[in-house]
Amino acid sequence: MAITYQSPMKLNFITSNGFSNPPSLYPISTHFSFGFNLSSVSSKTQTHITIPEPEPVFTSVKSFAPATVANLGPGFDFLGCAVDGVGDFVTLRVDPNVKAGEVSISDISGDGNRLSKDPLSNCAGIAAISVMKMLNIQSVGLSISLEKGLPLGSGLGSSAASAAAAAVAVNEIFGRKLSVDDLVLAGLESETKVSGYHADNIAPSIMGGFVLVRSYDPLELISLKFPFEKDLFFVLVNPEFEAPTKKMRAVLPSEVTMSHHIWNCSQAGALVAAILQGDSRGLGKALSSDKIVEPRRGPLIPGMEGVKKAALKAGAFGCTISGAGPTLVAVTDDEERGREIGERMVEAFMKEGNLKALAMVKKLDRVGARLVSSNS
């Protein structure tokens, strides 16, 4: 049995070393591949690809997708990275009680009963459906159990982690037929419906490491390799305050001055150079330098300016807003110093913004979304 899926979207993957396959759980194509997005396809641009429907190789799987730090200061909407040890889990089951070709969300935990179980309104559900369409799944139904390890509206890529974990789970249960580029496109479809068309969370959550979005049309991603032998720690401080992505995007300027454009471009270039050289000090300096987005979003996060000053005074190489906020991220090359920086930032949030906050020190996640367990 087979159906046709169509899309005008094409996607390139490039590594920082050129056109080669970076280490990954999934094959990354060095050629164009096409994702599923019927809503924007005209009859003149449709590309027809017929794929036989695969059978499930497992009865259930469990996947994990890491949190992400998007923007990294001057890299608004085109730079992001994955952080280790915190993220979302998805358990996916072949469920005879679910209509063939459809997805049901059976359980959500860790969200405070705030997320919808309607798969068409849930990040995990949207991504799962997208992958099922890519695979032409019509003979079995699937049920999802979502474990939220990330707070909503935190600036840590909460929606992207759910989407990434679900996309990987569906791909795994059917024998890993799709590549990373397909999974990113599936996750991007979910992100588009929830928080806007931006890949700087979903791409690193799936791919791991640092990712540069070189182009959105066509979507072209570059994997940036931070040297393994170099130390890098992220100090993530999350206050008890919610900053919805759509609200935080609404305050951004529609135009910028040429001087700010030149400055941010130079700092983004310096940031990429620092990543490739393993220069954590240079990375922090560039990360702290945004003159376009942070000045608009910072005032909406109580105490943000004082917290940033406290981080730098405590020895952080740099500090900025993680994604849309309100989480702030600081960088260092020493874990113990990272804990001290986190303590000072938590104190500053209370003193400057009257907000309680939690701090954690994490490494770079170099793997991205992955299979945790499976049952035949």
Side-chain angles (χ1 to χ4, degrees), residues 5 24-26 35-37 54 56-68 82 86-95 98-99 101-111 114-137 140-150 152 156-195 199 201-208 365 367-375:
Y5 76 91
S24 175
L25 293 179
Y26 296 93
F36 183 86
N37 184 1
V57 297
F58 302 113
T59 58
S60 68
V61 297
K62 186 173 185 178
S63 62
F64 169 81
T68 47
V86 59
D88 287 0
F89 290 90
V90 162
T91 300
L92 184 75
R93 298 178 179 84
V94 175
D95 191 338
V98 177
K99 185 178 178 180
E102 295 187 358
V103 172
S104 171
I105 299 179
S106 60
D107 181 65
I108 304 176
S109 61
D111 67 324
R114 294 176 58 191
L115 294 179
S116 172
K117 289 185 179 181
D118 178 359
L120 297 178
S121 302
N122 182 285
C123 299
I126 296 168
I129 291 169
S130 183
V131 173
M132 289 181 73
K133 288 179 178 178
M134 289 180 180
L135 292 170
N136 299 329
I137 304 304
V140 298
L142 303 174
S143 64
I144 291 174
S145 176
L146 173 62
E147 300 174 47
K148 291 296 299 177
L150 296 174
L152 308 184
L156 292 171
S158 177
S159 61
S162 296
V168 165
V170 175
N171 193 37
E172 289 287 345
I173 209 167
F174 290 105
R176 198 184 293 180
K177 302 296 183 182
L178 300 179
S179 60
V180 164
D181 47 9
D182 295 313
L183 300 182
V184 170
L185 289 172
L188 186 55
E189 182 173 340
S190 174
E191 285 283 82
T192 300
K193 294 181 180 179
V194 175
S195 61
N201 287 114
I202 190 64
S205 188
I206 288 176
M207 298 167 62
D365 185 309
V367 179
R370 61 264 200 184
L371 180 69
V372 174
S373 62
S374 60
N375 293 305

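Not measured: the values here are computed from a predicted model.
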Original post:
Roughly how far, to the nearest 0.5 Å, is CZ of F174 from CG of N136?
Top reply: 11.0 Å
Original post:
Between the main-chain N or O of R370 and the side-chain N or O of S63, is there a donor-acceptor pair closer than 3.5 Å?
Top reply: no
Subject >> Exercise: identify the closest heavy-atom pair between A164 and I206 >> reply: CB-CG1, 3.5 Å
**OP:** Sort out for me which residue in I126, I129, V103 forms a side chain to side chain contact (heavy atoms under 4.5 Å, CB included) with L120.
**Re:** I129
Original post:
Can you check whether I108 reaches N122 side chain to side chain, under 4.5 Å on heavy atoms?
Top reply: yes
Original post:
Taking atom OG of S162 and atom CD1 of I202, what is their separation to the nearest 0.5 Å?
Top reply: 9.0 Å
Original post:
Are P54 and I137 close enough that some pair of their side-chain heavy atoms sits under 4.5 Å apart?
Top reply: yes
Original post:
Donor-acceptor pair, D365 side chain versus A82 backbone, under 3.5 Å?
Top reply: no
**OP:** Could you tell me whether the side chains of N375 and T59 share a donor-acceptor contact shorter than 3.5 Å?
**Re:** no
Original post:
Does the side chain of R93 reach to within under 4.5 Å of the side chain of S145, using non-hydrogen atoms?
Top reply: yes
Subject >> N/O donor-acceptor pair under 3.5 Å between D95 side chain and L142 backbone >> reply: no
Subject >> Backbone N/O of K177 and side chain of N171: donor-acceptor pair under 3.5 Å >> reply: yes
Original post:
Any donor and acceptor pair, going by atom type alone, linking the side chain of S190 with main-chain N or O of C123 inside 3.5 Å?
Top reply: yes
